[in-house]
Number of protein chains: 2
Amino acid sequence: MIETTSSMMNKLSQSIEDSPAPIYARVKQAICLKINSGEWQANQRVPSESEMVKALGVSRMTVNRALRELTDEGILIRQQGVGTFVAKKKTHSALSEIHNIADEIAQRGNQHRAELIEIIRTNASMEEAINLSVRTNHTIFRATIVHFENELPIQIEERVVNATLAPDYDKQDFQQNETYDYLMKVAPMTEGEHLVEAVMPSAYECKLLQIEANEPCLQIKRRTWCDDQLVTTARLLSPSSRFQLFGHFGGK
Amino acid sequence: MIETTSSMMNKLSQSIEDSPAPIYARVKQAICLKINSGEWQANQRVPSESEMVKALGVSRMTVNRALRELTDEGILIRQQGVGTFVAKKKTHSALSEIHNIADEIAQRGNQHRAELIEIIRTNASMEEAINLSVRTNHTIFRATIVHFENELPIQIEERVVNATLAPDYDKQDFQQNETYDYLMKVAPMTEGEHLVEAVMPSAYECKLLQIEANEPCLQIKRRTWCDDQLVTTARLLSPSSRFQLFGHFGGK
DNA sequence: GAAACTATCTTGTATATACAAGATAAACTT
DNA sequence: AAGTTTATCTTGTATATACAAGATAGTTTC
């Protein structure tokens, strides 16, 4: 069956019903929904601007902005005189998916164990708590955890958690690494960023990691948000001999 | 001396003289020039849209597009009802994008220069040439390049290139970093992977990078393919004080 | 048949206009 | 003096209109 343009637009017009978001953003959402649901496949052509104008009842400039921004974001590909097409999904680096070291270790078939060194509940800005230039004056948890792979220390986790969003963080079982699942449950991460550096560990950190003083470490600072609210920040420190980051891009 | 708005716009109007690029792009360029030259400092307020309209003789929507895109790119910060400000310069690299250090440095508004230390054409397996467990028995180029940001060494690039796919690699201008464009031209990368580690540089590498012997470095090993053929492998070494990896996921 | 032209589709840009909404300082009221 | 209103600045969005320019299919011309 050949899908006609009108059938392509079926639910598109319903999905931009009135909501607080601006129109161009709703148009973007509606298009993303079509793509993510699989209804609009990669390389497939999407309706032209004028068709969307007719179907959605908005002006062409509004549709144009939505399509242009999605093109900038790599979701669509446009060619003057030809049309607009769904871009192939970019497989971005596994770096963005290593949120949970326990899962990674399990995936390697090794045994994971976490050791809670310290956890405190305090009232401090996130900025004070971890050097990532963020301002929130909430009650926070500050935890230090050491992760083991087959009883060998592989990572120090210094985590700061927004206690307003995750009030029961300290009641989780740290040894079984329930903390990650708990955080995802109470405040599913919608946005995040990380900073990767090479650093020399302090003497105390060397002791925790059971490494020589001259071994460099990979440090990952990560911040994750849920709907514009900072949920948690983390500083992850791993000795280079036991931890590497691997990423893959392009291809299938 | 207080800088008046009119003096802020002095050369701005001259710099968008007619050229092939669209007007909004020329407005963006002119603003970037002001920022990169240091005339508009970080956190400083820039002229309002209506002021730019008057000064440049273009419509407000065109100025708005230029400012909006620069905001999306993290160059500017806008606040409704208040104004537009120069954002603090970000000194990190985007991890999700393909690495071309020259472009990244240019994007930061800094000057890039590359120095070719050595290039040889030889017959060896890629596996021998760089320790990444890859087998190809082709003729290869092996080059060592040092990249400078504002005359400060920021990265050592040890590159191995498949000479069958890129026969004229050694004829490119290394100082101008034509090599990246050349590789993309002869064998557009369709797939790649990278491995990130923290390492201690050798004495020779410290000398090339002009750093102390105890400074850890971020090492990125990268392999890129074009249609299942290995095009090039690279080992990129950057001192932690001058180079960080940055990644962003989720959100818009 | 081949080349040139044309109509018509597409996206890309530029403009004027309009109103909404956030922020701020001055003016006003109590 | 303290709070309220108002005027006015800012950015944010939505629209209609217009023309430019790339691509393509069909038509005409030679």
Side-chain angles (χ1 to χ4, degrees), chain A residues 4-6 8-9 12-13 16-31 40 43-87 228, chain B residues 4-6 8-9 12-13 16-31 40 43-87 252:
Chain A
T4 61
T5 299
S6 58
M8 286 184 74
M9 311 293 301
L12 192 62
S13 51
I16 67 158
E17 299 291 301
D18 49 88
S19 84
I23 301 178
Y24 79 90
R26 280 181 273 160
V27 173
K28 284 176 70 176
Q29 274 177 22
I31 293 167
W40 292 358
N43 295 318
Q44 188 182 329
R45 180 165 173 189
V46 310
S48 72
E49 292 186 355
S50 64
E51 286 170 329
M52 290 203 190
V53 165
K54 271 185 281 186
L56 303 178
V58 300
S59 80
R60 190 191 148 209
M61 287 309 295
T62 302
V63 171
N64 180 269
R65 176 168 177 181
L67 293 172
R68 179 154 40 82
E69 291 193 1
L70 288 174
T71 303
D72 288 342
E73 292 164 25
I75 313 283
L76 296 175
I77 295 173
R78 316 197 77 194
Q79 196 185 348
Q80 188 173 115
V82 181
T84 306
F85 304 85
V86 178
D228 291 330
Chain B
T4 62
T5 300
S6 59
M8 286 183 74
M9 312 292 301
L12 192 62
S13 51
I16 68 156
E17 299 291 300
D18 48 270
S19 84
I23 301 178
Y24 78 90
R26 279 181 274 160
V27 174
K28 284 176 70 175
Q29 275 177 23
I31 294 168
W40 292 359
N43 296 318
Q44 188 182 329
R45 182 167 172 188
V46 310
S48 73
E49 291 187 356
S50 63
E51 285 170 329
M52 289 203 191
V53 165
K54 270 185 280 186
L56 303 178
V58 299
S59 80
R60 190 191 149 210
M61 287 309 295
T62 301
V63 171
N64 179 269
R65 176 168 178 182
L67 293 172
R68 180 154 40 81
E69 292 193 0
L70 287 174
T71 303
D72 288 341
E73 293 164 23
I75 313 282
L76 296 175
I77 294 173
R78 314 197 78 193
Q79 196 184 350
Q80 188 173 119
V82 182
T84 306
F85 305 86
V86 179
K252 67 173 183 71

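Sequence lines set the chain letters: A, B, ... in the order given, protein chains first and strands last, and positions in each chain run from 1.
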[X] has an atom [atom1]; how far is it from atom [atom2] of [N], in whole Å?
X	N	atom1	atom2	answer
B:Asn64	C:dA14	CG	P	13 Å
A:Glu69	C:dG12	CD	P	13 Å
B:Ile77	D:dT10	CD1	P	19 Å
B:Lys28	C:dG12	NZ	P	14 Å
A:Arg78	C:dC9	CZ	P	17 Å
A:Leu67	C:dT10	CG	P	13 Å
A:Glu51	C:dT11	CD	C1'	13 Å
B:Tyr24	C:dA14	OH	C1'	12 Å

Do any side-chain nitrogens or oxygens of [X] fall under 4.0 Å of OP1 or OP2 in [N]?
X	N	result
B:Arg68	D:dG12	no
A:Thr84	C:dT11	yes
B:Ser50	D:dC9	no

| field | Summary of protein contacts for nucleotides 15-24 of chain D, nucleotide by nucleotide, where a base hit scores B, a sugar-phosphate-only hit scores S (4.0 Å, heavy atoms) | value | BBBB--BBS-

| When rounded to the nearest 0.5 angstrom, what distance separates NZ in B:Lys54 from CE in B:Met52? |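 Spacing of NZ (B:Lys54) from CE (B:Met52) equals 13.0 Å.
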
| Measuring from B:Leu70:CG to B:Leu76:CG, what's the distance to the nearest 0.5 Å? |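 Between B:Leu70 CG and B:Leu76 CG, I get 5.0 Å after rounding to 0.5 Å.
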
Taking side chain as C-beta onward, heavy atoms only, is [X] less than 4.5 Å from [Y]?
X	Y	value
B:Asn64	B:Arg78	yes
B:Arg65	B:Ile23	no
A:Val27	A:Leu56	yes
A:Phe85	A:Asn43	no

| request: Name the closest nucleotide to the B:Ser48 side chain, picking from C:dT11, D:dT10, D:dT13. | output: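 Ranking C:dT11, D:dT10, D:dT13 by closest atom to the B:Ser48 side chain puts D:dT10 first.
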
| Salt bridge flag under 4.0 Å for residues A:Arg68 and B:Glu69 |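 Looking at B:Glu69 together with A:Arg68, the answer is yes, because their closest N to O distance falls below 4.0 Å.
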
